[in-house]
Amino acid sequence: MPQRLESGFIHPVPSEITPRAAYEGRREWMKRLAAGALGTGLAGWAARDAMAQAKVVPLPGARSAVPGAYTMEKATPKADATSYNNFYEFGTDKADPAKNAHTLVTRPWTVAVEGEVKKPRTFDIDALLKLAAMEERVYRLRCVEGWSMVLPWVGYSLAELIKQVEPTGNAKFVEFHTLADPKTMPFVGSRVLEWPYVEGLRLDEALHPLTLLAFGMYGEVLPNQNGAPVRLVVPWKYGFKSAKSIVKIRFVEKQPRTAWVKAAASEYGFYSNVNPKVDHPRWSQATERRIGEDGIFAKKRPTLMFNGYEAQVGPMYAGLDLSKNF
Ligand code: MTE
């Protein structure tokens, strides 16, 4: 059972995060169950797979020239990246988003950009897709729970959008609000988090060229479970900062109260920079397991400071006590 926090919110602890082998076994079992239920054996499952495949829309991007944007590490298999997800609006089990997110409606879709900006504007998703040249970037993603992936994203620097709206001198932080639609998202209304899922960055972090507004992965439009039609990817921070299915971007003067800070401020800080030296109160952050590569008995690999992006982002935190500002 997930742990109930003092705040009344509940969320899973790592020991409850399904071990990979058990998860894979269950996935296989679920496939058989689905095939059996259809009464057509494995052919039924194959047909469903083919339907899912048919929805794939190509979204190519040119290799990014942003320093650090292209790790040479092996990308996580797409099958893993699209079936082992955190998207609590669709359930807290890793397999839930792939199972449930087909109900997410991604057209029409708009993103309102407002607050401390000279030119507030609501962008239609198709206008956003054309706002800047699409780039492919291969980033490490380190989840706060202790696993990681290497993902080939398609998108452009969030700075391209910020340029368009011209933040005022009062803009110190940026808030990201994601969709919270109880009609299409079965777990909005559950007490796991306060909805909508809100995340935030300091303005300089939001303007950093590595901060990506992503529309695709693996050269294709984002699958719903990965945050379609538009999400954030902040590679040097724990994965929960990378908000999925964004509908509003708000420039503000004060540090935002994010969904995870509201749920458990002592466990999930505003910064949430990947840091092997600052443990989560309930587990170590020194090592990680790479999904799709490291079996459950494999030795865990060391977690890197700022997830390996220290050369690019370290200077933004000069003089900041990272153990207090975790
Ligand atoms: N965004 C929303 N709206 N809801 C969520 O539950 N989970 C976060 C983040 N963005 C989440 C979210 C967490 S904990 C992680 S690790 C990443 O999405 C996972 O992204 P992925 O499933 O594409 O790997």
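Bear in mind the structure is a predicted one, so any value in this text is a computation, not a measurement. Numbering of ligands and ligand atoms starts at 1, following listing order.
Salt bridge absent: Arg63 and Glu136 never bring a charged side-chain N and a carboxylate O closer than 4.0 Å. Under 4.0 Å is where a charged nitrogen must lie from a carboxylate oxygen, and between Glu205 and Lys241 no such pair does. A salt bridge links Glu220 with Lys78: the closest approach of a Lys/Arg side-chain nitrogen to an acidic carboxylate oxygen falls below 4.0 angstrom. Using a 4.0 Å cut-off between a side-chain N of Lys or Arg and a carboxylate O of Asp or Glu, Glu293 and Arg301 qualify as a salt bridge.
Under the 30°/60° scheme for interplanar angles, the aromatic rings of His280 and Trp283 are found to lie parallel.
Annotation for ligand 1: atoms under 4.0 Å from non-hydrogen atoms of Tyr88 are 5 (C), 6 (O). Taking a cut-off of under 4.0 Å to the non-hydrogen atoms of Cys143, the atoms of ligand 1 that pass are 16 (S). Each of the following atoms of ligand 1 lies closer than 4.0 Å to a heavy atom of Phe87: 2 (C), 3 (N), 4 (N), 5 (C), 6 (O). Near Asn85, meaning under 4.0 Å from any of its heavy atoms, are these atoms of ligand 1: 21 (P), 22 (O).
Nearest to atom 1 (N) of ligand 1 by heavy-atom distance, out of Arg142, Arg231, Glu89, Lys244, is Lys244.
Residue-level proximity to ligand 1 for Met149 is absent, since no heavy atom of it falls below 4.0 angstrom. Heavy atoms of Thr178 found under 4.0 angstrom from ligand 1 belong exclusively to the side chain. Contact annotation for Tyr197 and ligand 1: only side-chain heavy atoms (C-beta onward) come within less than 4.0 Å of the ligand.
Val247 and Ile125 fall within the same hydrophobic cluster, defined by Ile, Leu, Val, Met, Phe, Trp and Tyr side-chain heavy atoms under 4.5 Å apart, directly or through other members.
Of the protein's non-hydrogen atoms, the one nearest atom 7 (N) of ligand 1 is Asn86 O, 3.3 Å. Nearest to atom 17 (C) of ligand 1 among the protein's heavy atoms is Gly239 O, 3.6 Å.
Under a 4.0 Å heavy-atom criterion, Ser242 is in contact with ligand 1.
Side-chain contact check for Lys94 and Asn85: no donor-acceptor pair (N or O, by modelled atom type) lies under 3.5 Å.
The ring pair (Phe, Tyr, Trp, His ring centres under 6.0 Å) search around Phe306 returns Tyr317, not counting sequence neighbours. Val221 is linked by a side-chain contact (heavy atoms from CB on, under 4.5 Å) to Val57, Leu59, counting only residues two or more places apart in sequence or in another chain.
Considering backbone and side-chain N/O of Trp147, none are found under 3.5 Å from N/O of ligand 1. Annotation: Gln225 places no N or O atom under 3.5 Å from an N or O atom of ligand 1; distance criterion only.
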